[in-house]
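Working notes for the structure below.
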There are 2 protein chains.
Amino acid sequence: MTSITRKQEIINTAALLFKEKGFNAVSMRDLAQEMGIKAASIYNHLPSKQSILGAIIFEVSVEFTNHINSVFDESRPILQKLEAIITMHIDLTLEKSEFLACMNNDWVHLNDADKKQYIKMRNAYEEKFRTLLRQGIREKALKPIDQEIMLFSILSTLRTFYLWYAKHKMLDFEKVKRDLCTTLLTGVRS
Amino acid sequence: MTSITRKQEIINTAALLFKEKGFNAVSMRDLAQEMGIKAASIYNHLPSKQSILGAIIFEVSVEFTNHINSVFDESRPILQKLEAIITMHIDLTLEKSEFLACMNNDWVHLNDADKKQYIKMRNAYEEKFRTLLRQGIREKALKPIDQEIMLFSILSTLRTFYLWYAKHKMLDFEKVKRDLCTTLLTGVRS
DNA sequence: ATACAAAACTAACAATCGTTAGTTTTGTGA
DNA sequence: TCACAAAACTAACGATTGTTAGTTTTGTAT
């Protein structure tokens, strides 16, 4: 199975380059050079440039979907569920920050079919999140604030966490997790 | 002065297109077509494609810099200053969301000189923000949480607020402002 | 009506893009 | 050693890119 490995190598390298320059600013020749081969050789492993982007994005978006679904179905207090989701975002950021960056910035450049599916998955994810927030408000665990603003505020922080991670090379992972949970859930004001 | 007006028209149109497809996915011919002219005609008003991007980005980044500087120098309680900054971000999002989108997504594609200057301004902005947070912690107005996490959490929400605004056509502006301040400062937990 | 500048045009350039076809090299198992 | 597949290569294609040069149209003030 050296083929799958080679294919995955290309995808990983592409994610790295896409993160730094953006999908459209990276040519197949750039990617090939980074791999130490010629551009045409890439097509022995993958059918198109857009398919590489698709592979990158779905690799993480599927993970997000699976994780929120399993958390959603557990029977735990709301606040613990929210903490679990936040932790999951942080974990994924640590191990696949380039993939997350691509997903955030370059999903617009997916082909029509992939884009449609991605948006569908993202909407489903947000809907699960919204449901949890609604439940939290109903149970008086959360403030009666507009759920959309809550959702947006938390998600935008989690989604761009990879930018922050790139700068601060994560000294104490457990403290970061704790502080971020505190900030997002109970705010900064004392 | 119809020249300045025409130039600004091109810049505004470019911001709109760049927001939707990204800098590299918009050709000069795309932009020209949107203006109802030919690509070459654009060069009567602006020297290059990158200069358009520069004009867009510095138009807003200068505004951000000026506003935080004036808030910084006022003598008001910390929490009021933070609220003023949040409000400023919301206001700028309302009136110039395309410009903000370009700044967030496409600053990487500035030419070297412009990019250097942009990063410098952004760092200065963040440093002022950090100083305010530090002061807030010292005065016990804010929780003794890692300042970098506070800074990142608040800024990432404010910076991507334009994404949210695009979806929810802002029914009650004052309520949105209030709820966002509450969420960012005191959190969602009741 | 004339003069002049603003702003559009046509035509083309060199470079680069994603991709294909066909061929050669490399590595592995029988 | 032979066969075969994996994975690289060369060469080229048609399209598109940002940009330039030179020319014509449009609008305005005298």
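Predicted model, so just to flag it, every value in this text is computed and none were measured. Letters A, B, ... mirror the listed sequences (proteins, then strands); counts begin at 1.
- Summarising the geometry, the separation between CD on A:Glu9 and P on D:dA6 is reported as 16 Å, rounded to the nearest angstrom.
- Nucleotide D:dA7 holds its C1' atom 10 Å from the CD1 atom of A:Ile10, rounded to whole Å.
- Residues A:Asp114 and A:Gly54 share a closest heavy-atom pair of OD2-CA, 4.1 Å.
- Here C:dA7 presents its P atom at 11 Å from CG of B:Leu46, a figure rounded to the nearest Å.
- Side-chain contact, B:Thr183 with A:Lys143: no donor N or O sits under 3.5 Å from an acceptor N or O.
- Distances from the side chain of B:Lys49 to the nucleotides D:dA7, C:dA8, D:dG18 place D:dG18 closest.
- Side-chain atoms of B:Ser27 and B:Lys49 form no donor-acceptor pair, as typed in the model, at a separation below 3.5 Å.
- Distances shown here put a side-chain N or O of A:His45 below 4.0 Å from the OP1 or OP2 atom of D:dA7.
- At a threshold of 4.5 Å between non-hydrogen side-chain atoms, the residues A:Leu180 and A:Thr157 count as touching.
- Between the side chains of A:Gln8 and A:Asn12, at least one donor-acceptor pair of N or O atoms lies under 3.5 Å.
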(request) List the protein contact pattern of nucleotides 21-28 of chain C with one symbol per nucleotide (5' to 3'): B for base contact, S for sugar-phosphate-only contact, - for none; contact means a heavy-atom distance under 4.0 Å. (result) B-------
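- At whole-Å resolution of the value, CG in A:Leu17 and P in C:dG18 are 12 Å apart.
- B:Tyr118 pairs in a ring-ring contact (aromatic ring centres under 6.0 Å, His included) with only one of the listed residues (B:Phe64, B:Tyr125, B:Trp107), which is B:Trp107.
- Listed pair B:Ser41 / C:dA7 fails the phosphate criterion, with no side-chain N or O lying under 4.0 Å from OP1 or OP2.
- One interatomic measurement links the two molecules: OH of B:Tyr43 to P of D:dG18, which rounds to 7 Å at whole-angstrom precision.
- Across all their heavy atoms, A:Ile145 and B:Gly187 have their closest contact at CD1-O, 4.3 Å.
- Regarding B:Ile42, its CD1 atom lies at a distance of 19 Å from the P atom of C:dA6, rounded to whole Å.
- In this structure, B:Lys38 places its NZ atom 15 Å from P of C:dA12, rounding to the nearest Å.
- Side-chain contact check for A:His168 and B:Glu148: at least one donor-acceptor pair (N or O, by modelled atom type) lies under 3.5 Å.
- Residues of residues 18-37 of chain B having a heavy atom closer than 4.0 Å to DNA chain C, listed by number: B:Arg29, B:Ile37.
- In plain terms, the two heavy atoms of A:Tyr162 and A:Lys19 that are nearest each other are CD1-CE, 4.4 Å.
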